[in-house]
Structure formats: structure tokens, C-alpha cells
Amino acid sequence: MEFPRLLALLLILLEWTRPGLPSPLRPICDLRVLNHFIKEARDAEVAMKSCREGCSLSESVTVPQTRVELDVWEKKNALEQAQEVQTGLWLLKPALSLLQTSVTNTALLSHIDNSIRNLLSISAVLRSLNIQEFTPPASAAGLEGTWTVSSSTDLLQVHVNFLRGKVRLLLLDAQACQQDVS
């Protein structure tokens, strides 16, 4: 079960470290990679729901809104979509890291560790697609399209829904993945 994730990460790392090749990282357009990350995020959510002790979030965290209105999303340009996704990833990383330090249940910790690593891998996938990196503001205060959650279950549900929604939509429309059919 862990082999496909490790293989995907290894391939990404090998592309980065290939000596002497002037070509950029090849785009990762296969949605099976994202589907694997979504499955692991769901596994974490399921583990959280069955956790009875040592699984609470120590404080409220700011997370991205996951609701997507397709007509609004499609009116945004690629840069705006990328900024929205990268801001969401930026918000989820410290939120999951806080959960990681709050949780004492060892089985759940493994799932949270995977979720954090997968967010880093998603960032690498976005770089491979030449999606411009976005540096969010120093603070989440006042960011549009966010809300606050105070439970671990809500945080993990946001994580799953964000991957299934905005991240998937961004990857589906990534310019580097569009095939020329003319």
C-alpha cells in the first residue's frame, strides 16, 4: 500500500537530482497520483472518526474553504486558481502540523504524517506542471476564502474535500497536461 506513494516520491526526487540535464521536471499529469493522496487523506479521516482518545486538536486553525462553484472557478484565470490552491495548501500544512503535535494516538499519527508528506508531494507536482509558486501573506488573518475549524475531524474532512475539489480541478486544467489534438 505504501509502495506506490514511495515510488511516486522517488520518481519526483530522481527528476530533481538528475545531473547534467537541462530539461525541466516533466509534468506529472496522471491523476492516479492525486487519487492515491485522496485515498490516504480519507484513511486519515476514517481513523480519526474511530479514534476515542488522544486525537483532539489543541486549538482552532484556519483552513481553506472547500466549496467550489464551478461557474465562479471557471471564470478565474489559471494564476488565480493556482493562488487559491497554493494558499489552501499553505493553510493546511501548519494546521496538520498542529494536529500532529496535538495527537497522542500512534495509529493516527502515522496517517497525519502521511497527509503532511502528501501535501509536500502535491506542491512538487504543481512545480512539475510549471504552476507559478505563490507566496501567501505572513498571516492567515484576513485571507479570503477561509474559515476556522476546532475539531480534528473537521480538519481532516476539509483536507479530503480540498484535494477532491480545488486541487483536482487545478490539475485537470493544468496547461502542461493539455494534449494538442489538432
Would you compute the distance between atom [atom1] of [X] and atom [atom2] of [Y] and round it to the nearest 0.5 angstrom?
X: Gln65; Y: Glu84; atom1: CD; atom2: CD; result: 9.5 Å
X: Asp113; Y: Glu40; atom1: CG; atom2: CD; result: 11.5 Å
X: His111; Y: Asn118; atom1: NE2; atom2: CG; result: 12.0 Å
X: Ile116; Y: Leu92; atom1: CD1; atom2: CG; result: 10.5 Å
X: Trp73; Y: Glu80; atom1: CH2; atom2: CD; result: 10.0 Å

Verify side-chain hydrogen bond (donor to acceptor under 3.5 Å, both in side chains) between Glu53 and Asn105, making sure each step is shown before the conclusion.
CA-CA 7 Å; Glu53 195 174 304; Asn105 180 301; over 6 Å; no
Paired with Ser60, the side-chain contact (heavy atoms from CB on, under 4.5 Å) test is passed by just one of Val149, Thr148, Leu155, Asp154, namely Thr148
side-chain contact (heavy atoms from CB on, under 4.5 Å) with Asn161: which of Val68, Thr66, Val167?
Thr66
Derivation of the side chain to side chain contact (heavy atoms under 4.5 Å, CB included) call for Lys93 and Ser123:
CA-CA 11 Å; Lys93 286 172 194 169; Ser123 294; 3.1 Å; yes
Of all the heavy-atom pairs spanning Cys55 and Met48, show the shortest one and how long it is.
O-SD, 3.4 Å
Work out which heavy atom in Leu79 is nearest to a heavy atom in Asn77; give both atom names and the distance.
N-OD1, 3.0 Å
Would you say Asn130 and Gln175 are linked by a side-chain donor-acceptor pair, where the criterion is simply a distance under 3.5 Å?
no
Polar contact flag, side-chain donor to acceptor under 3.5 angstrom, Arg32-Asn35:
no
Taken in chain and number order and not counting sequence neighbours, the residues that satisfy side chain to side chain contact (heavy atoms under 4.5 Å, CB included) with Glu69 are Arg67, Asp71, Val72
Would you sort out whether Ile131 and Gln86 count as a side chain to side chain contact (heavy atoms under 4.5 Å, CB included), showing the intermediate values?
CA-CA 10 Å; Ile131 293 176; Gln86 290 181 339; 4.1 Å; yes
Listed by chain and number, what are the side chain to side chain donor-acceptor pair (under 3.5 Å) partners of Ser102, not counting sequence neighbours?
Ser58
Look at atom CZ of Arg164 and say whether more than 12 heavy atoms of other residues, nucleotides or ligands are closer to it than 6.0 Å.
no
